[in-house]
Amino acid sequence: MKIGIVGCGAIAKNRQAPEFFANPDCEIGGFYDVDPARSAALAAQYGGEAFASLGAMLADAGIDSVSICSANRFHCEQTLAALAAGKNVLCEKPMAMTEEEGEKMAAAAKASGKKMMVAQSQRYDPAHMRAKEILESGALGRVVSFRTEFGHSGPEAWAGYKEGKLFWYFDPAGAGYGALGDIGVHKADLVRWLTGEEVAEVSAFTATTDKKACGRPIPVEDNAAVCLRMANGIVGTMQLSWTQYGRDANSTVICCEKGQIRLYCRSDEAMEVIHADGRCEVFPIKEIWDSYGRHNSGIIDAFVACVVHDTPVPVTAEDGLAAVRVIEACKRSSQENRAVRLKGVK
Ligand SMILES: NC(=O)c1ccc[n+]([C@@H]2O[C@H](COP(=O)([O-])OP(=O)(O)OC[C@H]3O[C@@H](n4cnc5c(N)ncnc54)[C@H](O)[C@@H]3O)[C@@H](O)[C@H]2O)c1
């Protein structure tokens with residue numbers, strides 16, 4: 001497999017380029033960024049060509065797969081162009097800025113016969129994978145409720161934001177959402193995946209409480225609190241924050257008939273399984289990460305594997321679209337101050 005990476009910012013530099021480079025089944029075909037210095041820097045480090053345009057990359061017949069790592073507003077048009085050029089696509093989350101865009105992308109992926117995967121990387125976190133195995137084993141019985149949170153200090157340090165210019169993460173036209181799209185989409189996917197149920201209805205409050213750019217409050221939400229009802233009737237909550245300073249939060253609690261799974265609830269543990277009789281099994285972070293041999297995100301290797309071995313795509317365009325539908329419903333719920341039901345889900 002030969003990969004072309006589109007967008008050479010933080011996720012390309014910190015995760016995608018090194019992990020594609022390290023994968024023995026993948027060759028780096030090249031990079032494209034609107035800022036040519038960025039594509040040149042990654043090509044110098046990892047090999048491949050620094051393309052002058054997306055069209056030039058897509059015209060390279062040697063490149064069979066493309067990873068879209070640009071700002072959210074370009075995901076749809078660049079994915080459609082790559083599929084039309086006959087490339088497999090890995091698209092960063094959130095897959096799209098709107099449900100309409102996501103529907104176009106999913107339809108194009110289906111019609112193309114190519115692989116399209118969405119980088120909902122929380123599924124590859126070893127503690128989340130272990131939780132999924134336990135839930136599927138039936139050992140704890142049926143899921144009866146959940147709560148999940150994702151909080152950090154915002155995307156500025158990660159993406160090297162310099163005060164004074166318009167930061168796409170804070171621009172409704174560049175990102176579509178604030179914390180909802182950036183981190184809420186991860187948790188929307190995680191709860192769908194762990195519970196095995198679609199989100200049927202949401203009730204969300206969003207607020208811009210603290211974050212400023214150019215001396216003014218940012219024009220997207222920096223916090224969101226969401227109640228979710230799943231298709232089978234169970235309910236749960238999702239708390240998202242870009243203003244959680246000092247230490248990140250990434251915890252999830254899944255309550256089942258016969259006990260609970262607690263993920264990243266304490267800083268020294270990946271997970272605890274507490275049985276209904278009070279018995280507690282503790283899984284330290286190092287142990288659980290090592291038991292999966294995990295030294296990278298897992299998402300890149302999963303994409304390479306499904307292309308190289310022609311196996312089913314593990315996180316499909318439909319999965320990406322379902323997560324976008326959840327955050328779009330949250331946005332509408334907050335704007336219209338009412339609960340919003342998701343289309344096509346009971
Ligand atoms: N899966 C995850 O956990 C995860 C983590 C962080 C970011 N992301 C996602 O990755 C994507 C990129 O985020 P980032 O943090 O790297 O942002 P970033 O701002 O650091 O990088 C974006 C890059 O895209 C380039 N770009 C902008 N317009 C372009 C265009 N039309 N064509 C090509 N390149 C273009 C920019 O010059 C920049 O280099 C976002 O969708 C984000 O949500 C995913």
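Whatever order the structure lists ligands and atoms in, that order sets their numbers, starting from 1.
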How are the rings of Tyr169 and Trp242 set to each other: parallel, tilted or perpendicular (split at 30° and 60°)? perpendicular
To check your reading of the model: name the closest protein heavy atom to atom 11 (C) of ligand 1, its residue, and the distance in Å. Ser70 O, 3.4 Å
Any idea which atoms of ligand 1 are less than 4.0 Å away from a heavy-atom of His186? 1 (N), 2 (C), 3 (O)
Distance to 0.1 Å, residue and atom name: give those for the protein heavy atom nearest to atom 44 (C) of ligand 1. Glu92 OE1, 3.0 Å
Of all the non-hydrogen atoms in the protein, which one sits nearest to atom 25 (C) of ligand 1, and at what distance? Asp33 OD2, 3.2 Å
Does Val118 offer a backbone N or O that forms a donor-acceptor pair with the side chain of Glu92 under 3.5 Å? no
Note: Cys8, heavy atoms under 4.0 Å from ligand 1, region reported as backbone
For a side-chain hydrogen bond (donor to acceptor under 3.5 Å, both in side chains) check, start with the C-alpha distance between His275 and Glu281, then their side-chain angles and the critical distance, and finish with the verdict. CA-CA 8 Å; His275 297 267; Glu281 293 174 81; 2.6 Å; yes
Mind listing the closest non-hydrogen atom pair of Ile288 and Ala127 along with its distance? CD1-CA, 3.9 Å
of all protein heavy atoms, closest to atom 22 (C) of ligand 1 is Cys69 O, 3.9 Å
Taking the side chain as C-beta and beyond, is there a heavy-atom pair between Glu27 and Ile3 under 4.5 Å? no
Under 3.5 Å: donor-acceptor pair, side chain of Ser333, backbone of Ala329: no
Looking at ligand 1, does any of its N/O atoms fall within less than 3.5 Å of an N/O of Ile11? yes
In Glu101, Glu198, Glu103, the residue satisfying salt bridge (charged side-chain N to carboxylate O under 4.0 Å, His left out) with Arg325 is Glu103
So is His75 in contact with ligand 1, going by heavy-atom distances below 4.0 Å? yes
Looking only at non-hydrogen atoms, the one of Ala12, Ala10, Gly174 nearest atom 20 (O) of ligand 1 is Ala10
Would you mind checking which non-hydrogen protein atom is closest to atom 40 (C) of ligand 1, with the distance to 0.1 Å? Asn72 OD1, 3.4 Å
Shortest non-hydrogen contact from Asp310 to Lys115? OD1-NZ, 2.9 Å
Centre of Tyr177's six-membered ring, under 6.0 Å away, within 45 degrees of the axis: is that where NZ or CZ of Lys331 sits? yes
Closest non-hydrogen contact found for Gln120 with Val185 is NE2-O, 3.5 Å
How far is atom 21 (O) of ligand 1 from its nearest protein heavy atom, and which residue and atom is that? Gly9 CA, 3.2 Å
Closest approach of any protein heavy atom to atom 38 (C) of ligand 1, naming residue and atom: Arg38 NH1, 3.2 Å
Which atoms of ligand 1 sit under 4.0 Å from any heavy atom of Ala119? 1 (N)
Of the listed options Ile183, Ile5, Leu42, Val34, closest to atom 35 (C) of ligand 1 (non-hydrogen atoms): Val34
Classify the contact between Gln120 and ligand 1 as side chain, backbone, both or neither, using a heavy-atom distance cut-off of under 4.0 Å. neither
Ranked by distance from atom 2 (C) of ligand 1, the top protein heavy atom is Arg15 NH1, 3.4 Å
Could you check whether the rings of Phe150 and His186 sit parallel, tilted or perpendicular, using 30° and 60° as the cut-offs? tilted
Nearest candidate to atom 28 (N) of ligand 1, where distance is taken over non-hydrogen atoms, out of Phe74, Tyr177, Tyr169: Phe74
Are Phe170 and Tyr161 an aromatic pair, judged by ring center distance below 6.0 Å? yes
Gly7: numbered ligand 1 atoms lying under 4.0 Å from its heavy atoms: 24 (O), 34 (N)
Just going by heavy-atom distances, which of Arg73, Gln78, Gln16, Lys93 is nearest to atom 9 (C) of ligand 1? Lys93
Within a distance under 4.0 Å of any heavy atom of Ser121, pick out the atoms of ligand 1 and give their elements. 1 (N), 2 (C), 3 (O)
Looking at ligand 1, does any of its N/O atoms fall within less than 3.5 Å of an N/O of Tyr32? no
Mind listing the closest non-hydrogen atom pair of Leu140 and Cys256 along with its distance? O-CB, 3.1 Å
